[in-house]
Amino acid sequence: KYAHKQIVFFSKEDVIVRLPKSFRVELPLGTRFSLYPLKRTLLLSSVGLKYPLDGLTLEQGQMIGTSNETTETHVHIEQTEEGLIAIVPIEHVTALLASNS
């Protein structure tokens, strides 16, 4: 229903955003960067993550992509359609909001 709007959730420790098909952000090395599928999602490629997601299909109740971290300052994720959310420490909210999410 709200696919055309940027939706951001905040908790005491994290910020959660829905990712567009092509997502780029700059974050410090070693930043916790967790992904979770809202629906079945095929990842075309990922750059800058400890555990690459290239070619993986993530789906609730099956394979989910949580508990990753950055290995480069530039993170890039390509998915076939918008189906993922990212969970990042709250101190990086400015970078996430400045990204193309």
Side-chain angles (χ1 to χ4, degrees):
K1 181 176 181 179
Y2 300 104
H4 61 287
K5 295 187 181 209
Q6 183 181 35
I7 299 175
V8 180
F9 292 96
F10 297 92
S11 74
K12 184 177 179 182
E13 298 176 359
D14 296 318
V15 59
I16 302 167
V17 296
R18 185 184 58 214
L19 301 186
K21 286 171 58 172
S22 180
F23 174 78
R24 295 176 190 272
V25 67
E26 290 191 35
L27 295 167
L29 294 173
T31 299
R32 179 174 43 85
F33 189 90
S34 299
L35 294 169
Y36 188 83
L38 297 175
K39 61 182 180 179
R40 184 181 171 104
T41 305
L42 171 62
L43 284 111
L44 300 172
S45 66
S46 65
V47 174
L49 297 176
K50 182 175 183 177
Y51 304 106
L53 303 169
D54 302 20
L56 293 180
T57 297
L58 302 182
E59 185 175 4
Q60 292 181 20
Q62 301 295 317
M63 181 179 286
I64 57 173
T66 58
S67 302
N68 216 325
E69 68 180 65
T70 61
T71 57
E72 299 178 27
T73 56
H74 298 283
V75 174
H76 181 206
I77 296 173
E78 291 280 337
Q79 53 185 328
T80 55
E81 58 182 302
E82 295 177 1
L84 294 176
I85 58 171
I87 307 161
V88 179
I90 192 77
E91 59 264 25
H92 304 298
V93 65
T94 303
L96 279 180
L97 295 179
S99 72
N100 67 339
S101 62

Problem - Validation row: V15, L97 side chains within 4.5 angstrom (heavy atoms) - result: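 Contact flag for V15/L97 side chains = no.
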Problem - Beyond-backbone contact of L35 with L19, side-chain heavy atoms, under 4.5 angstrom - result: yes
To the nearest 0.5 Å, what is the distance between [atom1] ([X]) and [atom2] ([Y])?
X: F33; Y: N68; atom1: CZ; atom2: CG; answer: 8.5 Å
X: S67; Y: I87; atom1: OG; atom2: CD1; answer: 9.0 Å
X: T80; Y: K21; atom1: OG1; atom2: NZ; answer: 7.5 Å

Fill in the blank from the handout: Of all heavy-atom pairs linking G30 and E69, the shortest is CA-OE2, 4.0 Å
If you look only at distance, which donor and acceptor atoms sit under 3.5 Å apart when one is on a side chain in residues 37-49 and the other is two or more places apart or in another chain?
unit_1 : atom_1 : unit_2 : atom_2 : d
K39    : NZ     : E81    : OE1    : 3.0
R40    : NH1    : E59    : OE1    : 3.1
T41    : OG1    : K39    : O      : 2.8
S46    : OG     : L53    : N      : 2.8
S46    : OG     : D54    : OD1    : 3.1

Exercise for the section: Check the pair L96 / F23 against side-chain contact (heavy atoms from CB on, under 4.5 Å), numbers first and verdict last. Expected result: CA-CA 10 Å; L96 279 180; F23 174 78; 3.8 Å; yes
Handout entry: Qualifying salt bridge (Lys or Arg N to Asp or Glu O under 4.0 Å) pairs, either residue in residues 43-53, two or more places apart
Key =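 Pairs touching residues 43-53 that pass the test: none.
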Problem - Pairs flagged by salt bridge (Lys or Arg N to Asp or Glu O under 4.0 Å) wherever residues 84-94 is involved - sequence neighbours left out - result: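 Qualifying pairs, neighbours excluded: none.
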Handout entry: Contacts of D14 that satisfy side chain to side chain donor-acceptor pair (under 3.5 Å) - sequence neighbours left out
Key =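 Result, side chain to side chain donor-acceptor pair (under 3.5 Å) vs D14: R32.
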Problem - Sequence-distant partners of E78, side chain to side chain donor-acceptor pair (under 3.5 Å), two or more places apart - result: S22, H76
Problem - Side-chain (T73) to main-chain (L27) donor-acceptor, under 3.5 angstrom - result: no
Handout entry: P89 backbone acceptor or donor facing T31 side chain under 3.5 Å
Key =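 Side chain of T31 to backbone of P89: no pair is present.
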Problem - Under 4.5 Å side-chain linkage, directly or through intermediates, the cluster mates of Y51 - result: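 Noted: Y51 shares its cluster with no other residue.
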